[in-house]
K.L.:
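One structure is given below, represented as structure tokens, and several questions about it will come after.
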2 protein chains.
Amino acid sequence: MTNPLDPVFSALADPTRRAILTMLLEDDMAVTDVAEPFAMSLAAISKHLAVLADAGLIVREKRGRVIWCKLEPDAMRGPSVWMQGFGQFEPVDLDAFERFIEAEGIGADFSKENRGPDLD
Amino acid sequence: MTNPLDPVFSALADPTRRAILTMLLEDDMAVTDVAEPFAMSLAAISKHLAVLADAGLIVREKRGRVIWCKLEPDAMRGPSVWMQGFGQFEPVDLDAFERFIEAEGIGADFSKENRGPDLD
DNA sequence: CGCATATTCAACCAACTGGTTGACGATGCC
DNA sequence: GGCATCGTCAACCAGTTGGTTGAATATGCG
């Protein structure tokens, strides 16, 4: 796993982690706040954040007793360039991006709120 | 794993699979020829190709007794757009792409040829 | 100090991954 | 027909992943 593209692509392969990144697009967040919308333990989220940090996609900075998570989009540059080399995709279609965020955003399967009884 | 970005990102997380994709950038290839430069069994490569096909990144077409693998770069469009939304990276830096191919290309750790004794 | 909050650590578990080998089915060729 | 080649399948294995819970650490606050 010596290749620099590996950790980024595998970090991005998990929908929970992608959701976290889109949350951080809004603003820096404390670990507890990152965890809040998800239906899993704080420890699990903590591990996800470690994966993202190892990939360089976020940095965690301790201030007082809370750890702030900050998006580090530069880590995506390499993988992004790599992919663009294949497809010659047109640059930065922000509308398309919005649709993706909408489609998979934190509101999707992951949040506690949307997990009522399956049948209604 | 219902999200369409998942299979593509996880397919791309493996260096062997990325190497295969860059090989297919040159030209369509038969499974046996894809496997040739790698130091692993044909069955292993066959599985990698299945992962790539499931992600939509290649198609496999049987002609006679050989199965031809063809790159399907359109499958990268979604993930590429998703990533560009984060970084606002400048479009299609082909030089940078060349450097990546160079750096991780099939000549790297994966080929049989480059696997002499570790110390020299 | 003593308690509450924020986060990680450690042990554990089930499921998935990436590889192996050997057998198998399908096709082409003499 | 008989043999070689192409590729997948099935069973197996070790290591990794994504989650859990409970204890531990670190900081802030009255």
K.L.:
With respect to the phosphate group of D:dT8, does any side-chain polar atom (N or O) of B:Arg60 fall under 4.0 Å of OP1 or OP2?
P.N.:
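Yes, such a contact exists.
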K.L.:
When you check the phosphate oxygens OP1 and OP2 of C:dT8, does a side-chain N or O of A:Ser46 lie under 4.0 Å from one of them?
P.N.:
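For C:dT8, OP1/OP2 do have a side-chain N/O of A:Ser46 under 4.0 Å.
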K.L.:
Classify A:Arg63 by what it touches in the nucleic acid, base, sugar-phosphate, or nothing, heavy-atom distance under 4.0 Å.
P.N.:
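A:Arg63: no heavy atom of the nucleic acid under 4.0 Å.
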K.L.:
Would you mind classifying the nucleic acid contact of A:Ala43 as base, sugar-phosphate or nothing, using non-hydrogen atoms under 4.0 angstrom?
P.N.:
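Base contact.
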K.L.:
Restricting to salt bridge (charged side-chain N to carboxylate O under 4.0 Å, His left out), what partner residues turn up for B:Lys70, sequence neighbours left out?
P.N.:
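B:Glu72.
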K.L.:
Please state how far atom CD in B:Glu36 lies from atom P in D:dG7, giving the value in whole angstrom units.
P.N.:
13 Å
K.L.:
Whole-Å distance between C:dT8 C1' and A:Ile45 CD1?
P.N.:
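From A:Ile45 CD1 to C:dT8 C1': 14 Å.
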K.L.:
Determine the contact category for B:Leu42: base if any of its heavy atoms lies under 4.0 Å from a base atom, sugar-phosphate if only primed atoms, P, OP1 or OP2 are that close, otherwise nothing.
P.N.:
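Base contact - B:Leu42 has a heavy atom under 4.0 Å of at least one base atom.
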K.L.:
How is A:Lys47 classified with respect to the nucleic acid when contacts are heavy atoms under 4.0 Å: base, sugar-phosphate, or nothing?
P.N.:
base
K.L.:
For A:Leu49 and C:dA6, give me the distance from atom CG to atom C1', rounded to whole Å.
P.N.:
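About 13 Å, once rounded to whole Å.
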K.L.:
Just the rounded figure in Å: distance from P of D:dG7 to CD of B:Glu61.
P.N.:
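One finds 13 Å between P of D:dG7 and CD of B:Glu61, rounded.
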K.L.:
Tell me: CH2 of A:Trp68 to C1' of D:dT27, nearest whole Å?
P.N.:
15 Å
K.L.:
Within a strict 4.5 Å, meaning less than it, do heavy atoms of the B:Ile20 and B:Leu24 side chains meet?
P.N.:
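Answer yes - side chains close enough.
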K.L.:
Give the rounded distance in Å between these two atoms: CG of B:Asp33 and C1' of D:dG7.
P.N.:
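Whole-Å distance recorded here is 13 Å.
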K.L.:
To the side chain of A:Met40, which of C:dT20, D:dT20, C:dA6 is closest?
P.N.:
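Among C:dT20, D:dT20, C:dA6, the one nearest the side chain of A:Met40 is D:dT20.
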K.L.:
Between C:dG18, C:dT8, C:dT20, which one does the side chain of B:Ser41 approach most closely?
P.N.:
C:dT20
K.L.:
Can you find a pair of side-chain heavy atoms, one from A:Arg18 and one from B:Asn3, that are under 4.5 Å apart?
P.N.:
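A side-chain contact exists here, since the closest heavy-atom pair is under 4.5 Å.
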K.L.:
Please report the shortest heavy-atom distance between A:Gly56 and A:Ala75, naming the atom on each side.
P.N.:
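Looking at all heavy atoms of both residues, the closest pair is O-CB, 3.2 Å.
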K.L.:
How many Å lie between CZ on A:Arg65 and P on C:dA4, as a whole number?
P.N.:
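Taking atom P of C:dA4 as the reference, CZ of A:Arg65 is at 12 Å.
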K.L.:
If I take atom CD1 in residue A:Ile20 and atom C1' in nucleotide D:dG18, what distance separates them, rounded to the nearest angstrom?
P.N.:
12 Å
K.L.:
In terms of side-chain heavy atoms of B:Thr32, which of C:dT7, D:dC6, D:dA26 is nearest?
P.N.:
D:dC6
K.L.:
Return the nearest nucleotide to the side chain of B:Lys62; candidates are C:dT20, C:dT8, C:dA26.
P.N.:
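Nearest to the side-chain atoms of B:Lys62, counting from C-beta on, is C:dA26.
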K.L.:
Ignoring backbone atoms, test whether B:Arg17 places a side-chain nitrogen or oxygen under 4.0 Å from the OP1 or OP2 oxygen of C:dG18.
P.N.:
yes
K.L.:
Measure up the B:Trp82 and B:Phe9 rings against each other and bin them: parallel (under 30°), tilted (30 to 60°), perpendicular (over 60°).
P.N.:
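Perpendicular.
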